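Note that the structure is predicted; figures quoted are calculated from it, not measured. Proteins get letters first, then strands, A, B, ... in listed order; numbering begins at 1 in each.
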4 protein chains.
Amino acid sequence: MTGERRLGRPRSEATRTAILTAALEELDEGGYAALTIDGIARRAGCGKQTIYRWWPSKADVVLEALLERAETTIEIPDEGSLPADLAAFLQATFRQWGQRPTLVGLMAQALLDPVFATAFKEKFLFRRRAALRVVMTRAAERGEIAPGTDVELLLDVVYGVLWYRLLLDHAPLDERAGEQLAALVVRATR
Amino acid sequence: MTGERRLGRPRSEATRTAILTAALEELDEGGYAALTIDGIARRAGCGKQTIYRWWPSKADVVLEALLERAETTIEIPDEGSLPADLAAFLQATFRQWGQRPTLVGLMAQALLDPVFATAFKEKFLFRRRAALRVVMTRAAERGEIAPGTDVELLLDVVYGVLWYRLLLDHAPLDERAGEQLAALVVRATR
Amino acid sequence: MTGERRLGRPRSEATRTAILTAALEELDEGGYAALTIDGIARRAGCGKQTIYRWWPSKADVVLEALLERAETTIEIPDEGSLPADLAAFLQATFRQWGQRPTLVGLMAQALLDPVFATAFKEKFLFRRRAALRVVMTRAAERGEIAPGTDVELLLDVVYGVLWYRLLLDHAPLDERAGEQLAALVVRATR
Amino acid sequence: MTGERRLGRPRSEATRTAILTAALEELDEGGYAALTIDGIARRAGCGKQTIYRWWPSKADVVLEALLERAETTIEIPDEGSLPADLAAFLQATFRQWGQRPTLVGLMAQALLDPVFATAFKEKFLFRRRAALRVVMTRAAERGEIAPGTDVELLLDVVYGVLWYRLLLDHAPLDERAGEQLAALVVRATR
DNA sequence: ATCTAACCGAGACGGTACGTCGTGTCTTAGC
DNA sequence: GCTAAGACACGACGTACCGTCTCGGTTAGAT
């Protein structure tokens with residue numbers, strides 16, 4: 001009843017960490033396209049089997065590595081007004097993502113591999129989306145959003161612009177862009 | 001004066017067509033991730049070298065095949081008002097793209113291969129963007145868009161939402177979605 | 001003390017045998033010039049990498065296959081007189097080699113590839129040469145060879161004629177030829 | 001009736017020479033194994049077709065180039081005695097061939113390609129053999145060769161040793177070697 | 001104190017696709 | 001009809017990774 005106590009030698013935490021670290025290093029050096037399981041195993045000093053035992057694909061390794069790397073917690077601003085909250089949220093997000101080409105690699109993998117796509121959405125995309133939805137919901141409760149407004153569409157607008165710029169790299173993803181987008185969204189809620 | 005008279009045996013138009021056709025067939029059968037140069041060559045009944053001679057990567061083959069397939073011409077509606085034009089443009093686009101997972105594969109390739117990314121943007125993405133810009137510009141000339149509005153950001157909003165839904169597949173890309181997005185953009189221009 | 005305990009999955013003896021067998025079959029069917037690594041791998045049901053892992057070139061595969069096939073042991077006759085020993089040795093050799101065009105293919109490869117040439121000489125040519133040298137040395141100890149005779153040159157004469165006929169195929173390599181060559185060598189030692 | 005007057009543009013002697021020269025240069029630079037039709041055509045500044053039109057294989061190109069290069073005429077010594085003639089012939093031959101690895105490449109090709117083998121024998125090997133046969137015949141007429149001696153076997157001995165050393169490169173092919181071989185042959189004729 | 005089970009590294013295995021090379025044939029325009 | 005140029009179908013090359021497998025060896029709880 002103490003839960004499932006597993007038999008045999010337990011998983012090596014040291015190896016797990018080594019693999020995630022190796023994945024991030026390989027990622028930083030050659031980009032996502034150059035990432036291979038062979039390479040990660042070589043760098044981590046482990047057998048390939050050990051990777052396959054715990055992750056279904058290399059994208060899952062990278063996803064876990066990224067989620068572990070730090071910015072797991074998504075801060076939800078609560079400054080009392082939609083414009084202020086939006087600006088804060090967007091600026092924080094743009095600042096974080098603006099210099100992270102790895103996200104692009106993960107998205108590419110998600111587009112090619114439906115199984116990973118599901119994990120990527122659940123563990124990453126939809127959580128960020130949910131955080132922004134909280135901001136919107138609070139604003140709606142404060143009466144800042146016109147009734148009948150499709151909040152989900154607004155979320156799509158925000159993350160759509162964010163990803164579109166991230167993927168095409170044709171326009172900056174800086175704090176000023178965050179402000180402008182926030183202003184546009186506010187205008188659209190009236 | 002007949003221009004550049006080329007030496008040697010001229011390029012075989014029949015083979016070129018066979019390759020593009022084979023690429024589209026392979027694409028339809030197995031999806032972009034399963035596409036291989038070997039497979040295209042096998043199906044087209046040509047040598048691999050012939051493919052490598054004319055296209056730098058398989059994504060370029062696919063891109064040319066798609067551009068050739070039909071919807072090369074982008075219709076720019078001109079019905080006299082921004083709401084009407086936008087709704088028409090978006091509905092047409094959503095109708096076209098909604099059933100085209102190949103675009104997703106091309107985007108994935110663009111994310112992994114910077115050289116192809118450039119071609120993809122030039123020959124596909126930016127042309128569509130330019131078409132929408134025409135719609136916006138006409139509206140601005142009619143005074144339908146508030147001065148100081150960042151038109152480029154509006155374009156990002158439209159195509160951002162479009163691509164975001166295409167990539168995540170979490171919300172429909174139908175004509176109703178087009179209407180809603182058009183309404184939102186119109187609201188944002190006031 | 002048990003010697004070198006190897007890490008990792010051990011080499012598959014079954015695969016090794018399958019490769020050597022496949023090589024001999026391909027050889028028998030199409031001759032040496034038509035031999036390919038692809039073909040051997042296909043017939044052996046193994047990956048090409050497995051062949052490249054263990055042999056530096058296809059000639060080395062063939063060499064090992066031949067050495068394994070049977071006539072590894074070189075019989076050195078010892079009948080008490082040079083004429084008798086020579087006749088026995090040559091007849092045995094001519095009988096063996098006369099129907100083995102594969103040897104010609106190996107020689108061709110040795111002429112084109114210096115690395116293989118070294119292996120071919122060490123593992124094949126020089127061992128046969130050494131066997132004949134034993135016959136000559138015994139005769140010299142019995143006083144059958146005139147002092148001052150260059151034994152190495154005699155060895156060259158024997159194997160020279162043998163290979164020359166093997167390569168040019170202008171004269172038979174049968175037992176009668178063995179007798180005649182033996183008689184000539186005996187005459188040259190007086 | 002004036003014989004076969006060929007129609008059209010006549011064969012370009014300049015191109016023929018350029019091809020033979022290019023073949024020899026490629027041969028000197030990279031050895032026989034690295035020789036390719038493509039390479040010869042590139043260096044000669046001609047189309048591949050032109051080569052294929054006039055020679056059945058690259059080995060035939062090389063053979064013609066070599067035959068053209070100079071030492072076409074085989075000098076047959078006639079000094080009045082077998083020992084003297086043999087020594088002269090062998091020394092000349094060893095001097096010529098000792099530094100000619102191209103011969104080895106041609107032999108390799110002959111071993112792999114039966115069609116070329118025929119040409120190589122007819123135009124090269126057997127002519128040299130015939131020259132040596134003249135020497136032997138003259139000696140026989142002078143009574144220097146014991147009746148019943150198999151002259152063809154003697155020829156095999158001479159050219160066998162020559163080629164065997166050329167192919168294996170285990171012993172020198174110098175003038176001293178020529179003397180020793182001549183002495184051995186003379187001994188064998190008694 | 002064993003026994004058993006799951007872990008670990010190492011690395012060989014059968015595959016598949018890669019991108020390149022050389023072959024011999026063909027199809028142009030030009031001489 | 002020959003030439004240079006060069007595209008073509010073909011097929012082998014040697015390499016890189018894939019995901020699986022099979023070793024010897026390790027590390028725990030259960031017996």
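A donor-acceptor pair is defined here as one N or O able to donate and one able to accept, closer than 3.5 Å; such a pair exists between the side chain of Lys121(D) and the backbone of Leu168(C).
Applying the salt bridge (charged side-chain N to carboxylate O under 4.0 Å, His left out) test to pairs two or more places apart or on separate chains, those with a residue in residues 33-42 of chain B are Asp38(B)-Lys48(B).
OP1 or OP2 of dC8(E) lies within a sub-4.0 Å distance of a side-chain N or O belonging to Arg53(A). Trp54(B) has a side-chain polar atom (N or O) that falls below the 4.0 Å cut-off from OP1 or OP2 of dC8(F).
Contacts between residues 9-23 of chain C and DNA chain F, defined by a heavy-atom separation below 4.0 Å, involve Arg9(C), Pro10(C), listed by number.
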Dump the pairs, protein N or O against N or O of nucleotides 11-13 of chain F, anything under 3.5 Å, distances to one decimal.
from: dC13(F); atom 1: OP1; to: Ile37(C); atom 2: N; distance (Å): 3.1
from: dC13(F); atom 1: OP2; to: Ile37(C); atom 2: N; distance (Å): 3.1
from: dC13(F); atom 1: OP2; to: Asp38(C); atom 2: N; distance (Å): 2.9

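The separation between Leu7(B) atom CG and dG30(E) atom P is 8 Å, rounded to whole Å. In this entry the distance linking CH2 of Trp55(C) with P of dT15(F) reads 16 Å, nearest Å. Atom C1' of nucleotide dG14(F) and atom CD1 of Ile40(C) are separated by 14 Å, given to the nearest angstrom. Taking atom CZ on Arg43(D) and atom P on dA4(F), their separation rounds to 16 Å, with Å as the unit. Taking atom CG on Asp113(B) and atom P on dC18(E), their separation rounds to 14 Å, with Å as the unit.
Residues passing the side chain to side chain donor-acceptor pair (under 3.5 Å) test with Thr50(A): none are found, sequence neighbours excluded. Among residues two or more places apart in sequence or in another chain, the side chain to side chain donor-acceptor pair (under 3.5 Å) test is passed with Ser12(B) by Thr15(B). The side chain to side chain donor-acceptor pair (under 3.5 Å) check on Asp60(A) picks up Ser57(A), with sequence neighbours excluded.
Between the NZ atom in Lys123(C) and the OG1 atom in Thr118(C) there is a gap of 10.5 Å [rounded to 0.5 Å].
Ion pair Glu68(C)/Arg16(C) flagged as a salt bridge, since at least one NZ, NE, NH1 or NH2 atom sits closer than 4.0 Å to an Asp/Glu carboxylate oxygen.
When all heavy atoms of Ala18(C) and Ala44(C) are compared, the pair lying nearest together is O-CB, 3.7 Å.
For Gly45(C) and Ser57(D), each mapped to the nucleotide of DNA chain E holding its nearest heavy atom, the one lying further toward the 5' end belongs to Gly45(C). Taking for each of Cys46(C) and Ala34(B) the nucleotide of DNA chain E with the nearest heavy atom, the 5'-most of the two is the partner of Cys46(C).
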Which is it for Tyr32(D) and Val62(D) under the side-chain contact (heavy atoms from CB on, under 4.5 Å) test, yes or no, and what are the steps along the way? CA-CA 9 Å; Tyr32(D) 190 89; Val62(D) 174; 4.0 Å; yes

